[in-house]
J.: 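My structure is below; once you've seen it, I'll send some questions.
Heavy atoms only: backbone and side chains are in, while hydrogens, waters and symmetry mates are out. This one's a predicted model, so the numbers in the text were calculated from it and none came from an experiment.
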Amino acid sequence: MEAQEQTVKTDKQRNNLKTGAKIALIVLLLNVVGQLAAVYQTRYQLVSPLIPESTIWEISKQFIFHAIVSASASVVALVLYFFDKYLFVIILVGLILIADRFIYM
């Protein structure tokens, strides 16, 4: 009886980690989309003959950098997800999202 309860508890914990990893991957991919949307919005709103293209590039460069880092991390997290390393996926996504807020170019 106790062995069966332990198995049910382990399966439930594994399913919770799997759901958390799925949510973390979705949040990371939404972060990539948000960064690319910020690049588009910056380039769209700063169309002016008075603003040089190099200035627009300097503003957009940080968003592009964050999008590339987040996209690369999402590929790594997806590989970890398929190898059933759900806790590592959650930790990796958390670290990337925290670093995304504090790293500037």
Side-chain angles (χ1 to χ4, degrees):
M1 189 71 169
E2 286 183 28
Q4 186 180 14
E5 288 178 9
Q6 185 68 19
T7 305
V8 170
K9 192 175 187 180
T10 304
D11 288 341
K12 193 172 190 179
Q13 184 180 13
R14 184 174 178 81
N15 285 338
N16 287 342
L17 279 175
K18 187 174 183 178
T19 303
K22 285 180 185 178
I23 291 170
L25 283 170
I26 291 170
V27 167
L28 189 60
L29 291 175
L30 287 175
N31 184 36
V32 172
V33 171
Q35 296 295 333
L36 294 176
V39 171
Y40 174 76
Q41 185 178 9
T42 301
R43 296 187 65 80
Y44 179 74
Q45 289 183 352
L46 292 179
V47 175
S48 171
L50 300 176
I51 301 173
E53 187 69 28
S54 62
T55 303
I56 297 172
W57 167 250
E58 284 296 320
I59 295 170
S60 298
K61 187 170 62 171
Q62 69 179 347
F63 299 120
I64 293 170
F65 173 74
H66 288 287
I68 290 171
V69 169
S70 295
S72 303
S74 68
V75 169
V76 172
L78 194 60
V79 168
L80 287 172
Y81 179 82
F82 286 127
F83 283 116
D84 298 333
K85 306 293 185 194
Y86 305 126
L87 187 60
F88 290 132
V89 170
I90 295 169
I91 291 170
L92 177 67
V93 170
L95 289 175
I96 290 298
L97 292 176
I98 290 170
D100 192 38
R101 303 302 276 162
F102 295 109
I103 297 175
Y104 294 102
M105 272 189 74

J.: Decide yes or no on side chain to side chain contact (heavy atoms under 4.5 Å, CB included) for L29 and V33, but give the supporting numbers first.
T.: CA-CA 6 Å; L29 291 175; V33 171; 5.7 Å; no

J.: Supply the atom-to-atom distance I56 CD1 to Y44 OH, rounded to the nearest 0.5 angstrom.
T.: 13.5 Å

J.: Taking all heavy atoms of A73 and all of L28, pick out the closest pair and write down the distance.
T.: C-CD2, 4.0 Å

J.: According to side chain to side chain donor-acceptor pair (under 3.5 Å), does anything in residues 45-54 pair up with another residue at least two apart or in another chain? List the pairs.
T.: R43-E53

J.: For residues 80-92, run the donor-acceptor check on the side chains, cut-off 3.5 Å, and write out each pair with its distance to 0.1 Å, sequence neighbours left out.
T.:
residue: D84; atom: OD1; partner: Y86; partner atom: OH; Å: 2.9
residue: D84; atom: OD2; partner: R14; partner atom: NH2; Å: 3.4

J.: What distance do L46 atom CG and I51 atom CD1 have between them, rounded to the nearest 0.5 Å?
T.: 4.5 Å

J.: Applying a strict under-4.5 Å side-chain criterion to I, L, V, M, F, W and Y, I'd like to know whether L30 and L25 cluster together.
T.: no

J.: State yes or no: do V79 and V93 share one hydrophobic cluster built from I, L, V, M, F, W and Y residues joined by side-chain heavy-atom distances below 4.5 Å, directly or via other members?
T.: no

J.: Rounded to the nearest 0.5 Å, what separates atom CD1 in I68 from atom CG in L36?
T.: 9.0 Å

J.: If you define the side chain from C-beta out and look only at heavy atoms, does anything of K18 sit under 4.5 Å from K22?
T.: yes

J.: Rounded at 0.5 Å granularity, tell me how far CG in L95 sits from CG in D100.
T.: 12.0 Å

J.: Got a second to check how far S60's OG is from Q35's CD, nearest 0.5 Å?
T.: 11.0 Å

J.: Answer whether the closest heavy-atom distance between the side chains of V27 and N31 falls below 4.5 Å.
T.: no

J.: List the atom of E58, the atom of K61, and the distance in Å for their closest heavy-atom pair.
T.: OE1-NZ, 3.4 Å

J.: Taking all non-hydrogen atoms of both residues into account, name the closest pair between S70 and I96 and its distance.
T.: OG-CG2, 4.0 Å

